[in-house]
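Structure first, commentary second.
Small disclaimer: the values here were computed from a predicted structure and weren't measured. The figures that follow rest on heavy atoms only: side chains count, while hydrogens, waters and symmetry mates do not. By convention in this document, chain letters (A, B, ...) are assigned in the order of the sequence lines, proteins followed by strands, and residues within each chain are numbered from 1.
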Amino acid sequence: MKEVTSSYNPRDIETRVQDYWKNENIYARVQALRNDGKAFFFVDGPPYTTGHIHLGTAWNKIIKDAILRYHRMRGANVIERAGYDMHGLPIEVKVEHQLGFTSKKDIEEYGIAAFIEQCRTFAVTHMGIMSDQFRKLGVWLDFDNPYQTIDAGYIESAWWAIQRADERGLLERGHRVVNWCPRCETAIADSEVEYWDETDPSIFVKFPVVGRENEYLVIWTTTPWTLPANVAVAINLAFTYARVRAKKDNDEEILWIADELVEPVLKMGRYQDYTVIEKVPGSGLVGMEYTSPLAGHVPHQAEIRHRVVAADYVTLENTGLVHIAPGHGWDDYLVGIKEDLEVFCPVDAGGCFTPAAGAFADMYVRDANDVVVDALGGYLLARRTITHRYGHCWRCKTPIIYRATAQWFLKATSIRGEMLDEIAKVKWYPGWAGSARFHDFVKESRDWCISRQRYWGIPIPIWHCEECGEYTVIGTIAELEERSGATIPDPHRPYVDEVTIPCSCGGEMRRVADIFDVWFDSAVASWATLGFPRQREAFDRYWPADFITEGQDQTRGWFYSQLGASTVAFGRAPYKSVLMHGFALDAEGRKMSKSIGNVVTPEEVMNQFGVDVLRFYVLWANAPWDDLKFNWDGVKTVHRTLNILWNVYRFPLPYMALDAFEPAAGDGGRWDGSFVRAHIGEMPEEDRWIVSRVNSLARAMNDDMQEYHLHRETRALAAFILEDLSRWYVQLVRPRMWLEEDSPGKRYAYETSYYVMRRLTTLLAPFTPHIAEEIYQNLRLEGDPESVHMLDWPEAEDSLIDAHLEADMGVVQSFDDAVATARQAGKRKLRWPVGEAVVVTESVEVKTALQDLNALALARANARAVRVVTGTWDRILWQAEPVMRAIGPEFGKEGPKVKALIESADGTALKAAIERDGKATIDGYEITARHVTFAEALPTGVFSAPMKDATVYVDVTLTPALEAEGYAREVIRRIQDMRRQLDLNVNDFIVAAVEIADGRVASLVGEEEWQNEIAGEVRAAALTVRHADGKRPAEPFALEKDWDVEGVQMQIGISRAGE
RNA sequence: GGGCCCGUAGCAUAGCCGGUGGUGCACCCGGCUGAUAACCGGGAGGUCGUGCGUUCGAAUCGCACCGGGCCCA
């Protein structure tokens, strides 16, 4: 063990430790060490390769790393690989930006092959950058061999799953309304829609009722451009509708509006008067037919038989009648299916009207709003604008539209029951993440649209024959090669688009043009990371995953996509336990975003405070499942804690080095703690106590780790470092470290300190792997493993836990605090001894603790005596306080006099008299208990402070003996200070002289007892103490200083002995 | 609009199967000076988001509302 002189420098330590891991190949060796352990299969949720990691990503990986390191230390053979999500529209859009593209046409002209190579380069480059960042966080996942969603093997895992879906009848091609980005010209998932406010028209439109002159249904919409696709109007059967004769100027017309909404609607339409002709329940409207006001502009509208249908989702807002266009809305579409309505969608992939839209053909739909409104003419009842949340493409920010298109679906609704059953079988941390949140989400889930009309993704492996309409789903590349006769070097577009398969009808099957929704990529990660279906062995051994952990946003994301794909493919969940963690927010609880400018990056924190501080902070700040409100003060606190850990660690090293201390080794030169176990009975109380504490810590941590209470783990560690080690044990053990001679006491101090640090670094290893390693490297014995991460996680040694001693020590700590408080009140420094400290208590625990640990209590209080008193301490005095509410009425105008007499009376005597006789007489006035109360009064020089279940009284009155020691201590302190100024070693001897201006003090300090004490404490070979006589010392000292000690002038000189 | 989570001193957090609200940071005051560009102690600071309810008693249970987050519509 080497002495450590440098203060805590995380960056140096972390660089050195990471180099060591790399050079010694520690990560691989730890894995090899646990090879025979029980398998623990972990699947890394793949981050998307867009670029740099943020605080949330860092937190995510840190949680994973801490948990996996823990499992490894518990002996588990952890099966893991880092993973990356590398396909998808976000990368396509980035590349489009780089190349200056604005539409799919640009891509087609540039060439799909060249385009996807750009995408591949982008993804691979950023993967490398991110891996380096994760490595810097000290994350031990396999970054050299990560699973990548763009690998051919990975793509096969997805193909295989979709083939299984087809076999189970869960793959379906259907016409559905989907979120559609008119710029990207593709369907996008619900999860790819971002909402923010847009201002849109808000219009009320009159639909003419068939066969009724001048009679209209009034509907409301914010998307005029969907009116050309209208086929029906929906009402709610639960509402009452009014048939109203409305008057405007000289015109009259008859309008249908929900009864309760008549007033506001007519006001909006500037009608001056109205009368309700009749009120009809919703059912009375169903089947009513109407014509489109746009029939003259959109030829097809003239052919549609529009009618009124019922729908539950219609609310009592606007007019209570809802315009239905099944081609442009999800709810509309469902109503359409139920009512067998036509799905009319005269809008193309680019968001422009098709020729079927008649007069509106070729217009971009959002631009067409005004034109449509104009075309409504007199059918427009009112026009306003509205600002409301509207969906946008997450990548290019274009407002989305809803569009009915042919897409491929995974029929999640058919396996919903299975999925819900599986959720219940998974162990969720916390429980509500599964039972409430995820369960409710899945319960509401819809079929999953897995097709996208894009380029950079896993091609959907469906080949279709245009001749006979047959289609076939391919499960592997080998299968495709066999059936097509082609070789497939790369299963991506456009290469795979060329491959054709002969159809049994004699025709030729071609691949459908679509690629997978990128969420389907990561959905198959649990078996793709094991190389399945190309390799079966690992899959058979390890699948499903023992554990995964991701943020709460992944409820709808990866938790769901994996569950869906796995339930389809294997009929069960792909994970056995899931820890759902929170989101990283700023200190105000807002989302970190570039536009607000509140983003804190992991690099910032690492550069200022180091990786271990960042790691410990994010695990310590709050429970994993709560959102993390990032706070620099918290980071600083953690830094301080690790700094104290560092100081506590290096504190005993110089003494150990000086004594060439070697910890007792066990079998094979390996440290095993046997010395402490063997000698625990003989060791001083504080040693037994800290050994007990560190074992209690291990016990508590084992319990908390079972539930992944990482915040409790780290908080328990911090509390141990600060409270138990730094503030208590180190203070108590100090004098034993300074002992000159070898002694059992010193040996115990060394062995105990060593034992505690070894235990502590092991417990810290999963959380702060660098500082733990750094300390371990200095502490480890020859036979010990090369890394702290090769050690086994410590079980609590029950035989070393002494609950009684821990309780006793708690009392002494409380006593220590109380004495400090009382001393402060009495303005008596801790350096100055006091006569006695008296503890008044009724508590048996307090009493026994202060008896058991009396020597310790004496030392801590720096008192000549510590006594425990039950009942009342006889030195307590009482101050009588008159009760005027009783005195006034009874003594009348004598009251003030009685008041004064009571106040000046000897309260203590008065109290005793009243307690004895029930009354007392002062100057002839009879005083009873109701006239007076008593407040505690302390004798001169006594100060009190409360502690748990007791009160401490400290008498700070000085006597010559106490004063002698006090001044002697002051002298010692100043000489020590001067030694430091001379930069002397702790074992150097000095010669010193003390000249004291005050003769009385000089003679007190000059007593032989104190002169010897001073000489011993400051390692003085020669010391003179005398009353200053104005003469300078004969020999000049290396350092001379004048001091003011509590108002007494002293001149002190010291030199190194022999110089 | 719905589901889930969160809302405790200036900031962050513990307590949350009910019984006089703990802790850290910051702040003020002090101590220590053989961990020292450290360390330690003391003090002040709280309508436990708001309101209603259950109860002898609620930060803790119930309901409603307000604010924040994630997700859904």
- CZ of A/R831 versus P of B/G34: gap in Å, rounded? 10 Å
- Query: Are side-chain N/O atoms of A/T222 and A/D200 paired as donor and acceptor at under 3.5 Å?
  - Reply: no
- Query: Can you check the A/N643 CG to B/C39 P distance for me, whole Å?
  - Reply: 6 Å
- B/C5 to B/A9 separation - C1' atoms, rounded to the nearest Å: 24 Å
- Query: Which nucleotide in the list B/C72, B/A35, B/C4 gets nearest to the side chain of A/R556?
  - Reply: B/C72
- Task: Determine the Euclidean distance between corresponding P atoms of B/G45 and B/U23; express it in Å to zero decimal places.
- Result: 15 Å
- Message: Work out how far the C1' atom of B/U13 is from that of B/C6, and round it to whole angstrom.
- Response: 13 Å
- Item | Heavy-atom donor-acceptor pair, A/S7 side-chain to B/A38 base, under 3.5 Å | no
- First of A/K636 and A/D626 reached from the 5' end of RNA chain B, by closest nucleotide: A/D626
- With distance as the sole criterion, is a donor-acceptor pair present between the side chains of A/R860 and A/Q813 under 3.5 Å? no
- Item | Interatomic distance, A/R1056 atom CZ to A/L984 atom CG [nearest 0.5 angstrom] | 5.5 Å
- Message: OP1 or OP2 of B/G34 versus the side-chain N and O atoms of A/R734: is any pair under 4.0 Å?
- Response: no
- Message: Using whole Å, what does the distance between atom P of nucleotide B/A35 and atom CE of A/M757 come to?
- Response: 16 Å
- Message: Using a 4.0 Å heavy-atom cut-off, does A/R712 contact any base of the nucleic acid, only the sugar-phosphate backbone, or nothing at all?
- Response: sugar-phosphate
- Message: Work out how far the C1' atom of B/G15 is from that of B/G22, and round it to whole angstrom.
- Response: 7 Å
- Message: Would A/R11 and A/F609 count as a cation-pi pair here, with the cationic atom under 6.0 angstrom from the ring centre and within 45° of the axis?
- Response: no
- Message: If you take the centroid of each ring, where Trp contributes its six-membered ring, are A/H54 and A/W59 closer together than 6.0 Å?
- Response: no
- For the side chain of A/Q731, starting at C-beta, report the closest nucleotide among B/A14, B/A35, B/C4. B/A35
- Choosing from B/G24, B/C72, B/C4, which nucleotide comes nearest the side chain of A/R727? B/G24
- How long is the line joining CZ of A/F651 and C1' of B/U36, in whole Å? 13 Å
- Query: Just checking A/Y649: base, sugar-phosphate only, or nothing, at a heavy-atom cut-off of under 4.0 Å?
  - Reply: nothing
- Name the closest nucleotide to the A/D440 side chain, picking from B/U36, B/C70, B/G3. B/G3
- Could you give the CG-to-C1' distance, from A/N631 to B/A26, as a whole number of Å? 10 Å
- Item | Separation of atom CG in A/D627 from atom P in B/U13, rounded to whole Å | 10 Å
- Task: Quick one: label A/A621 by what it contacts on the DNA or RNA (base, sugar-phosphate, nothing), any heavy atom closer than 4.0 Å.
- Result: sugar-phosphate
- Would you indicate, yes or no, if B/C4 has its OP1 or OP2 atom less than 4.0 angstrom from a side-chain nitrogen or oxygen of A/T555? no
- Task: Measure from the side chain of A/R715, starting at C-beta and using heavy atoms only, and say which of B/U13, B/U33, B/G34 lies closest.
- Result: B/U13
- So which nucleotide from B/C72, B/C32, B/U33 ends up closest to the side chain of A/K829? B/C32
- What is the distance, rounded to the nearest whole Å, between atom CH2 of A/W432 and atom C1' of B/C71? 11 Å
- Rounded to the nearest angstrom, tell me the gap between atom CZ in A/R437 and atom P in B/G69. 14 Å
- Message: What's the closest nucleotide to the side chain of A/D633 if the choices are B/G41, B/C25, B/C71?
- Response: B/C25
- Query: Looking only at side chains, do A/W728 and A/D816 share a donor and an acceptor under 3.5 Å apart?
  - Reply: no
- Paired stems touching RNA chain B, three or more consecutive Watson-Crick or G-U pairs with both distances under 3.5 Å? B:1-7 with B:66-72, B:10-13 with B:22-25, B:27-31 with B:39-43, B:49-53 with B:61-65
- With sugar-phosphate meaning primed atoms plus P, OP1 and OP2, does A/E444 contact a base, only sugar-phosphate, or nothing at under 4.0 Å between heavy atoms? nothing
- Check every atom of B/G24, B/G41, B/C71 against the side chain of A/D817 and return the nucleotide holding the closest atom. B/G41
- Pairwise distance CD1(A/I63) to OG1(A/T549) - rounded to 0.5 angstrom: 5.0 Å
- Between A/Y750 and A/F661, ring centroids under 6.0 Å: yes
- Message: Roughly how many Å apart are B/G53 and B/C72, using the C1' atom of each and rounding to a whole number?
- Response: 32 Å
- Task: Name the nucleic acid region contacted by A/T637, choosing base, sugar-phosphate or nothing; use a 4.0 angstrom heavy-atom cut-off, strictly under.
- Result: sugar-phosphate
- On RNA chain B, check which nucleotide each of A/W625 and A/W620 is closest to and give me the residue with the more 5' one. A/W625
- Options B/G34, B/C72, B/G69, nucleotide nearest the side-chain atoms of A/E1017: B/G34
- On a whole-Å scale, what distance lies between the C1' atoms belonging to B/A44 and B/C28? 8 Å
- Donor + acceptor pair across side chains of A/Q608, A/W632 (<3.5 Å): no
- Message: Taking B/U8 as the reference, what is the distance to B/G51 when you measure between their P atoms (whole Å, please)?
- Response: 15 Å
- Message: Nearest to the A/R640 side chain among B/G24, B/C4, B/A35, which nucleotide is it?
- Response: B/G24
- Item | Side-chain donor-acceptor contact under 3.5 Å, A/D332 with A/Y402 | no
- Can you tell me how far P in B/G34 sits from the matching atom in B/C16, rounded to whole Å? 44 Å
